[in-house]
Visitor: 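Below you'll find the structure I mean.
Along the sequence shown, the residues carry numbers beginning at 1.
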Amino acid sequence: MLNKVVIVGGGTAGWMTASYLKAAFGERIDITLVESGKVGAIGVGEATFSDIRHFFEFLGLKEKDWMPACNATYKLAVRFENWREKGHYFYHPFEQMRSVNGHPLTEWWLQDGPTDRFDKDCFVMASVIDAGLSPRRLDGTLLDTPFDEGADEMRGLTMSEHQGKTQFPYAYHFEAALLAKYLTKYAVERGVRHVVDDVEAVDLDERGWISSVRTARHGELSGDLFVDCTGFRSLLLNKALEEPFISFQDTLPNDSAVALQVPMDMEKRGIRPCTTATAQDAGWIWTIPLTGRVGTGYVYAKDYLSPEEAERTLREFVGPAAADVEANHIRMRIGRSRNSWVNNCVAIGLASGFVEPLESTGIFFIHHAIEQLARNFPGPDWHPTHRERYNDAVAHVMDGVREFLALHYLSAKRSDTQYWRDTKTRAVPDGLAERIEKWRTQLPDSETVFPYYHGLPPYSYMCILLGMGGIDLKPSPALALADPGAARQEFEAIREKTEQLTKVLPGAYEYFTRMR
């Protein structure tokens with residue numbers, strides 16, 4: 001039986017993998033996780049997709065169990081500031097797109113929207129976020145929207161199985177180091193062997209498969225399957241097995257970041273329940289509110305900005321609270337491995353690949369890869385089908401997100417610096433230019449978005465195109481012949497629902513205070 005797994009590297013990727021595989025296979029699998037006590041985690045990945053909820057459900061963890069321990073908050077959307085022009089903002093929310101007479105409400109908005117704010121006219125979440133509110137009432141019940149929690153009947157399904165069965169109005173922000181610590185305890189209590197040691201060598205057999213990793217104090221750690229969670233170093237996959245890495249920097253130039261973890265009085269500041277991405281002269285700054293601090297960082301391209309200039313800009317952006325906070329400078333490897341599973345080695349997280357954190361995809365990639373590994377776990381015959389299915393799934397996800405992020409820059413109207421002017425003339429992922437031409441006269445639908453990966457629904461593309469403002473869009477000609485009455489009623493229903501919710505939902509800070 002093939003059941004001995006060695007995970008090299010801890011952090012979010014390593015401990016999420018160990019926890020999930022233990023929850024999936026229990027005592028039928030033997031897991032050892034070895035991590036260095038010297039190598040620190042990147043610690044940037046503090047924002048997530050709403051799919052992450054299914055990870056915690058699968059582990060049997062309730063929000064009250066883990067959120068307070070990880071300083072976690074709710075994330076209802078990504079807020080984009082200054083991408084169209086300075087002073088402008090819009091939301092890409094976690095909210096089901098309404099349709100009227102077979103057309104998405106955003107098409108009707110293009111035809112004759114009530115205001116110039118598509119996000120507030122078409123979604124409830126935009127106004128809830130502006131008011132700094134929690135999506136749950138103080139008694140824990142979820143806000144009344146077109147969402148169906150469906151927790152009992154959905155428990156145990158994978159992300160792909162959830163798609164189309166349930167929608168959920170929020171994701172999470174959390175402190176990555178604290179989540180890794182929490183999951184360490186979870187996994188070790190369920191039988192994962194935790195080895196703190198430095199891996200000094202990777203041993204290959206005559207086939208070129210990994211037979212063991214050699215550590216400084218614990219000697220050889222042998223296994224059947226090795227999982228590479230060593231971050232950008234990719235110690236097993238890219239170094240020991242020499243699997244090629246495919247760079248995405250021709251389309252996504254940002255390769256550097258500087259991050260700050262800024263303690264703040266969140267009661268006084270308030271918690272805006274979203275990730276904010278604020279465009280800057282050579283990139284953008286993220287702002288992630290937690291219960292005791294704000295995580296923030298400047299993502300930029302080194303060809304346009306020095307690390308010193310980036311840090312100075314970030315500190316000025318944050319203000320006096322950042323004065324004594326240590327900065328963490330990060331070089332990002334943008335792209336993916338040609339294959340993330342080679343021989344008996346599977347890479348998960350940064351060791352597999354990374355696309356800049358603009359839409360909070362880092363932890364999503366980890367979660368997706370773990371699910372694919374559990375679904376395609378090999379048997380003693382190591383049938384290549386499982387490896388091939390895994391590699392296809394991981395490649396399609398990363399390529400799809402690459403295209404989606406490239407769309408952000410191509411469609412952003414801003415052009416006041418060389419960086420922003422150059423984003424309009426960079427290489428375009430295969431097929432994207434053709435798709436954009438279709439979207440100019442009819443907004444994206446399931447037939448016209450990236451063909452392999454459907455984890456990003458068409459409405460996400462709509463939000464970016466409508467919000468960024470750099471591509472001229474026209475409503476479907478069919479709407480000129482249709483009766484707009486039902487659409488106007490839907491806009492009014494959203495307005496009324498927004499007014500109702502903003503009166504009854506508690507503030508986000510108040511909600512998390514009660515949770516503690």
Visitor: I would like to know whether T417 and D281 meet side-chain hydrogen bond (donor to acceptor under 3.5 Å, both in side chains); could you show each step before the answer?
Guide: CA-CA 6 Å; T417 67; D281 288 351; 5.2 Å; no
Visitor: I'd like to know whether NZ of K474 has more than 12 heavy-atom contacts from other residues, nucleotides or ligands below 6.0 angstrom.
Guide: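 Atom NZ in K474 is not crowded, with 12 or fewer foreign heavy atoms closer than 6.0 Å.
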Visitor: Closer than 3.5 angstrom, by distance alone: can the side chain of R84 be matched with the main-chain N or O of H88 as a donor-acceptor pair?
Guide: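 Here the side-chain-to-backbone pair does not exist.
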Visitor: Please determine whether the number of non-hydrogen atoms from other residues, nucleotides or ligands lying under 6.0 Å from atom CG of D472 exceeds 12.
Guide: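 Not buried by this count: 12 neighbours or fewer within 6.0 Å.
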Visitor: Between T73 (side chain only) and P289 (backbone N and O only), is there a donor and an acceptor less than 3.5 Å apart?
Guide: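 Checked: pair present.
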Visitor: Taking the six-membered ring for Trp and the full ring for Phe, Tyr or His, determine whether the centres of W83 and Y409 are under 6.0 Å apart.
Guide: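 Between Y409 and W83, which both carry aromatic rings, the centre distance is below 6.0 Å.
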Visitor: So, Y459 side chain and P93 main chain: donor-acceptor pair closer than 3.5 Å or not?
Guide: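 Between the backbone of P93 and the side chain of Y459 there is a qualifying donor-acceptor contact (under 3.5 Å).
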Visitor: Just by distance, no angles: are the side chains of K75 and S360 close enough, under 3.5 Å, to form a donor-acceptor pair?
Guide: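 The answer is yes; a qualifying pair exists.
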Visitor: Is the distance between the ring centroids of Y298 and Y300 under 6.0 Å?
Guide: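 Between Y298 and Y300, which both carry aromatic rings, the centre distance is below 6.0 Å.
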Visitor: Specify the closest pair of heavy atoms between A322 and R315, including all atoms of both residues, with the distance to one decimal.
Guide: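 Taking every non-hydrogen atom into account, O-NH1, 2.5 Å.
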Visitor: Do R333's NZ or CZ and the ring of F245 fall within the cation-pi criteria of under 6.0 Å and 45°?
Guide: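 Flagged: R333 positioned over aromatic ring of F245.
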Visitor: Looking only at non-hydrogen atoms, find the nearest pair between P475 and Q111 and report the distance.
Guide: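 Minimum heavy-atom separation between P475 and Q111: CG-OE1, 3.3 Å.
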Visitor: For atom NZ of K302, is the number of surrounding heavy atoms from other residues, nucleotides or ligands below 6.0 Å larger than 12?
Guide: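 It does: K302 NZ has more than 12 such atoms within range.
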Visitor: Say you draw a straight line from CG of L133 to CG of L76; how long is it, rounded to the nearest 0.5 Å?
Guide: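 Going from CG on L133 over to CG on L76, the span is 9.0 Å.
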Visitor: Check whether S134 reaches the backbone of P506 with its side chain - one donor and one acceptor, N or O, closer than 3.5 Å.
Guide: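 Looks like no, no N/O pair under 3.5 Å.
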Visitor: Do side-chain atoms of Q280 reach the backbone of W284 as a donor and acceptor pair under 3.5 angstrom?
Guide: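 Judged by distance alone, no pair lies under 3.5 Å.
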Visitor: Counting only N and O atoms by type, is there a donor-acceptor contact under 3.5 Å from the side chain of N82 to the main-chain atoms of G87?
Guide: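 At least one qualifying donor-acceptor pair exists.
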Visitor: Give a yes or no on whether R440 atom CZ has more than 12 heavy-atom contacts from other residues, nucleotides or ligands under 6.0 Å away.
Guide: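 Counting other residues, nucleotides and ligands, CZ of R440 exceeds 12 neighbours.
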Visitor: I need the T106 OG1 to M462 CE distance, nearest 0.5 Å.
Guide: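 Those atoms lie 4.0 Å apart.
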Visitor: For the atom pair CH2 (W286) and OG1 (T275), what is the distance rounded to the nearest 0.5 Å?
Guide: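 The distance works out to 11.0 Å.
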Visitor: Look at R435 together with E403 and state whether they make a salt bridge at an N to O cut-off of under 4.0 Å.
Guide: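 A salt bridge links R435 with E403.
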Visitor: Does the gap between the ring centers of Y182 and W66 come in under 6.0 Å?
Guide: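 Ring-ring flag for Y182/W66: false, centres at least 6.0 Å apart.
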Visitor: Can you tell me how far CD of E356 sits from CD1 of I334, rounded to the nearest 0.5 angstrom?
Guide: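 The distance works out to 6.5 Å.
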Visitor: Are the aromatic ring centres of F512 and Y74 under 6.0 angstrom apart?
Guide: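 Yes: the rings meet the under 6.0 Å criterion.
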Visitor: Any ion pair linking E46 and R293 (charged N to carboxylate O, less than 4.0 Å)?
Guide: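 Here R293 pairs with E46 in a salt bridge, since their nearest N and O are under 4.0 Å apart.
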Visitor: State, to 0.1 Å, how close Y419 and A301 come at their nearest heavy-atom pair, and which atoms those are.
Guide: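 Scanning both residues, the minimum pair turns out to be CE1-CB, 4.1 Å.
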Visitor: Heavy-atom count check: over 12 atoms from other residues, nucleotides or ligands less than 6.0 Å from R389 CZ?
Guide: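 No, because the 6.0 Å sphere around CZ of R389 holds 12 heavy atoms or fewer from other groups.
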Visitor: Shortest non-hydrogen contact from H386 to N376?
Guide: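 Nearest heavy atoms, H386 then N376: CB-O, 3.2 Å.
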Visitor: Indicate, with yes or no, if the rings of Y91 and F123 have centres closer together than 6.0 Å.
Guide: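 Ring-ring flag for Y91/F123: false, centres at least 6.0 Å apart.
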Visitor: Check whether more than 12 heavy atoms from other residues, nucleotides or ligands sit under 6.0 Å from atom CD of E434, and answer yes or no.
Guide: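 No.
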Visitor: Establish, yes or no, whether a centroid distance under 6.0 Å links the rings of F365 and F354.
Guide: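 Ring centres of F354 and F365 not closer than 6.0 Å.
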Visitor: Does Y170 have its ring centroid less than 6.0 Å away from the ring centroid of F94?
Guide: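 Distance test on ring centres: not under 6.0 Å, no.
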Visitor: Can you list the steps and then say if Y461 with D445 is a side-chain hydrogen bond (donor to acceptor under 3.5 Å, both in side chains)?
Guide: CA-CA 9 Å; Y461 292 79; D445 59 22; over 6 Å; no
Visitor: Distance alone, cut at 3.5 Å: any donor-acceptor contact between the side chains of E359 and H408?
Guide: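 Their side chains do contain a donor-acceptor pair, which is all the 3.5 Å distance test asks for.
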Visitor: To the nearest 0.5 Å, tell me how far K86 NZ sits from D416 CG.
Guide: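 The NZ atom of K86 sits 5.5 Å away from the CG atom of D416.
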Visitor: Would you call E63 and R136 a salt bridge, using N to O less than 4.0 angstrom?
Guide: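 A salt bridge links E63 with R136.
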Visitor: What about the rings of H54 and F58, do their centers lie closer together than 6.0 Å?
Guide: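 Centroid distance H54-F58: not below 6.0 Å, so no.
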Visitor: Evaluate H92 against S460 for side-chain hydrogen bond (donor to acceptor under 3.5 Å, both in side chains), listing each step before the verdict.
Guide: CA-CA 7 Å; H92 170 202; S460 291; 2.8 Å; yes
Visitor: For a side-chain contact (heavy atoms from CB on, under 4.5 Å) check, start with the C-alpha distance between I471 and W439, then their side-chain angles and the critical distance, and finish with the verdict.
Guide: CA-CA 9 Å; I471 295 176; W439 298 337; over 6 Å; no
Visitor: Tell me if the CG atom of D139 is crowded by more than 12 foreign heavy atoms within 6.0 Å.
Guide: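 Enclosed.
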Visitor: I'd like to know if R53 and E57 make a salt bridge, using a cut-off of under 4.0 Å between side-chain N and carboxylate O.
Guide: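 A salt bridge is present here (some side-chain N lies under 4.0 Å from a carboxylate O).
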Visitor: Can you see which heavy atom on G335 is nearest to which on M398, and at what distance?
Guide: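 Smallest heavy-atom distance, with atoms named: O-SD, 4.4 Å.
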Visitor: Would you check if there is a donor-acceptor pair between the side chains of W341 and Q372 at a distance under 3.5 Å?
Guide: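 Checked: Q372/W341 side chains show no N/O donor-acceptor pair below 3.5 Å.
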Visitor: Looking at CG of N328 and CD of E311, how far apart are the two atoms once the value is rounded to the nearest 0.5 Å?
Guide: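 Atom-to-atom, N328:CG and E311:CD are 10.0 Å apart.
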Visitor: Consider only side-chain N and O atoms of T498 and S127, and report whether a donor and an acceptor are under 3.5 Å apart.
Guide: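 Short answer, no.
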Visitor: Strictly distance-based, threshold 3.5 Å: is any side-chain N or O of T502 a donor or acceptor partner for the main-chain N or O of E499?
Guide: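 Yes, because the side chain of T502 sits within donor-acceptor range (under 3.5 Å) of the backbone of E499.
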Visitor: Say whether, by atom type as modelled, one donor and one acceptor occur between the side chain of T141 and the main chain of R137 under 3.5 angstrom.
Guide: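 No, because the side chain of T141 does not come within donor-acceptor range (under 3.5 Å) of the backbone of R137.
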Visitor: Closer than 3.5 angstrom, by distance alone: can the side chain of R421 be matched with the main-chain N or O of S415 as a donor-acceptor pair?
Guide: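 Checked: pair present.
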Visitor: Examine distances only and state if a side-chain atom of K424 and a backbone atom of K413 form a donor-acceptor pair shorter than 3.5 Å.
Guide: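 Judged by distance alone, no pair lies under 3.5 Å.
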